[in-house]
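Only one structure is covered here, and it is reproduced in the block below.
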Amino acid sequence: MAILQINEVSKFYATHKALDHVSLSVPEGSIYGLLGPNGAGKTSLIRILNQINIPDTGTIFFDNEALNSDHIYKIGYLPEERGLYKKQKVWDQMLYFGQLKGLSLADAKSRSEKWLIKFDLKEWKNKKVEELSKGMQQKVQFIITVLHEPKLLILDEPFTGFDPINAELLKEEIKALKKQGTTILYSTHRMESVEEICDHICLINKSRKILDGSVKEIKIANSKNQFELIYEGNLPNWVEQLSSEKVEDGYTKIVFKVDNMKRSEIIKQLANEVNIWSFREIVPSIHQIFIDKVQEVNHA
Amino acid sequence: MHKIWLITKREYLSRVQKKTFIIMTILGPLLIALFYGIIIGLTVTQKTSEKTRIVAVVDKSGLFKNQLKNPNKVQFVYTEDDTSKNGLDLSGWLLIPNDFTLEEPKEVVFKSDETPPIELQGKLTDALESAVNNQKLVQKGVSKDFLDSLKVTVPLKTLEINETGDLVDSRAEVNFVLAFLFAFIIYIFIFLYGVQVMRGVMEEKTNRIVEIIISSVKPFQLMMGKILGIAMVGLTQFLIWVVLSGVMVGLVSLVFATNMVEMSGEMTKSNNSQISSYGSIFDIFLGLNLGFYLIIFLFYFLFGYLLYSSMFAAIGSAVDSESDTQQFMIPVTMPLVISFVTGISVLSSDPNGSFAVFMSIFPLTSPIMMMVRLPFNPPDWELAISMISLVLTFVLFTWLAGRIYKVGILMMGKKPTYKQLFKWMLMK
């Protein structure tokens, strides 16, 4: 089930194309990574989803309904560029943003109370935002984003500006929200956390989608049939060595490539010839796939 | 609507609860009262303490001996000595040359230790001229008794023909003050609070709050909420000032009341007609249709502010820093400044002339100009056209400003050109 279905969406500005016929489908309950270098069109797409901008062509469905202004109550958005009213009290600010997202005053109050306790901010509730440490401000910012319990949470470079402790906290919260059924659209150009968090990804470059799917599928699809073997003995001829180095006790480590052969078959044949210490497939990291694909497009 | 209300409420409360607002709101009337207090105090002490000046007349021509009438607060003494004061507190010597004749008046010299006040110079020439006139008339055989009987004061009362053809008191002085006051308040209000709108927009833009807000509300709602919230702050402050100033000025007047009575008592003696005209000013003031004035004032006050603040909001959205605002501020505020400056001259020359009529209908100048003209009874149709065009222009400008605002708040970096602003208006 897709909570978000984007069909052939394009957005043009006077001087450049921001999005060029982008289609993608975000499964409900997933953490969906929207990846791409700076300027690829991620923020343009996100602003369209938040109805800040209107696409020039294409359609968008949220929860099987054409995207409309009622949906903003079901979407939470943490923009890359974010801030708070510095002179306003934490509590007033939480209630204000909660109400703007459609909560009643009573609901906004009871939920804010819970979050303040959860994030250990209770005694700061009547302080002005500027009196809080940067880390505490980031917590407040996050609370404001999720206070209305959105079905879809859009995070644009959420870890930017977060210190490591809060980044970890945020990561845990994202996972917890996923467990509760929230779908998370996670936009970033940093690959470190993608494999750890995301179920699905979509790679955008130069305003076009170049790849999407589940992390597992993408990895398999992009595997280069390369394997690493540490062995003792004489290799059969069919092994196409890419590199080789001696390791301790007469063992040798090689990387080789085999096309059109199942892994079980490879192991079976090798086991007949050599003494295997370790065998593993070299799976490309999302980071590597990202770089390869982007370079492929840029050189094309 | 609910969201605009939420935003309006936040804008209002966040400003009204500020210490600076509370201080300024209380201090404002205190300063005004102090200002009035000093002025009234100075005038009163000066008027009551003004002493009679003694002027020595050294008449070589022999024409003026005992012929000069003592003007108010001046006393003439006749002497031959133009150097010594003879123990008198002399203000100076009036030297009339011996070849001074009635047919051919020569230069008369006033000699004194210090520069004589203009007022005194006027009194001296008046006294000399009327003495010469009188003597000429006496020479032609006019009797002295008849001359004395010529001294009459004719009080002038100005009347206006109103719509129903009745004659009513013309209220030039009160009108002047009222018109100026109305225009001044509107002028100040638009500037003070328009700039607050601009700063508020810039704050949200530079603090990067704006993207979070406009994922929940439309940019236009955010802009309108801000403009309305700040308008309410202005109205609140204005009303508090009116009430407090009234109380303060009342108190100050009470303190000086005794002095005032003394002063007016003296005036009655010297100039009967003048005091009676002062009396009638108060009558007129109380008799004015203040309710009508107030409604019209509030209308121009609000819509003038709304029209300009939407432009201020657009400026705030287009730039990243206060220093970049100047370039856009000047053309936007130009009509306002022009109407205020020309308003004063129109007020004293021709409040119903074609220039004034045009400016009071043209929406960018009408909030000030129509207030200037209002006490001079502009025709109803002019008032109606002026008000309608102001509202329509407000709608149009807010719509255009909203379009600039929508694009501008998300544009960081280089200051846009006018051409770009125009493009933003046309963007989807």
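Labels below follow one simple rule: chain letters A, B, ... track the order of the sequence lines, proteins then strands, and each chain is numbered from 1. Fair warning: this is a prediction, and the values are worked out from it, not measured in the lab.
- Contact annotation for B:Gln17: neither backbone nor side-chain heavy atoms come within less than 4.5 Å of a heavy atom of chain A.
- Environment of NZ in B:Lys218: sparse, with no more than 12 heavy atoms of neighbouring residues, nucleotides or ligands closer than 6.0 Å.
- Listed here is the closest heavy atom pair of B:Ser216 and A:Ile72: O-CD1, 3.0 Å.
- Residue B:Asn207 holds its CG atom at 10.0 Å from NZ of A:Lys87, rounded to the nearest 0.5 Å.
- A 6.0 Å sphere centred on CD1 of A:Ile165 holds no more than 12 heavy atoms belonging to other residues, nucleotides or ligands.
- Counted within 6.0 Å of NZ on A:Lys175, heavy atoms from surrounding residues, nucleotides or ligands total more than 12; the atom is thus considered enclosed.
- For the pair B:Arg10 and A:Asp92, the minimum side-chain heavy-atom distance is 4.5 Å or more.
- Dense packing is recorded around OH of B:Tyr418, with more than 12 heavy atoms of other residues, nucleotides or ligands lying under 6.0 Å away.
- Sparse packing is recorded around CZ of B:Phe184, with 12 or fewer heavy atoms of other residues, nucleotides or ligands lying under 6.0 Å away.
- Inspection of the A:Tyr85 and B:Glu203 side chains reveals no N or O donor paired with an N or O acceptor under 3.5 Å.
- Of the atoms belonging to B:Leu13, not a single heavy atom falls under 4.5 Å from chain A.
- In this structure, the portion of A:Leu84 lying under 4.5 Å from any heavy atom of chain B is its backbone and not its side chain.
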task = Give the intermediate values and the outcome of side chain to side chain contact (heavy atoms under 4.5 Å, CB included) for residues A:Asn50 and B:Ile214.
result = CA-CA 9 Å; A:Asn50 280 300; B:Ile214 60 169; over 6 Å; no
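- Considering only heavy atoms from C-beta on, B:Ser215 stays 4.5 Å or farther from A:Ile75 through its side chain.
- Atoms CD and CD1, from A:Gln88 and B:Ile209 in turn, are 9.0 Å apart once rounded to the nearest 0.5 Å.
- Between chain B and the residues A:Arg82, A:Gln51, A:Lys89, the most heavy-atom pairs under 4.5 angstrom are made by A:Arg82.
- Under 4.0 Å is where a charged nitrogen must lie from a carboxylate oxygen, and between B:Arg208 and A:Glu80 no such pair does.
- B:Lys9 is not listed as a side-chain neighbour of A:Tyr96, based on a closest heavy-atom distance of 4.5 Å or more.
- Using modelled atom types, no side-chain atom of B:Lys3 and backbone atom of A:Gln99 make a donor-acceptor pair closer than 3.5 Å.
- Using a 4.5 Å cut-off on side-chain heavy atoms (C-beta onward), B:Ile212 and A:Tyr77 make no contact.
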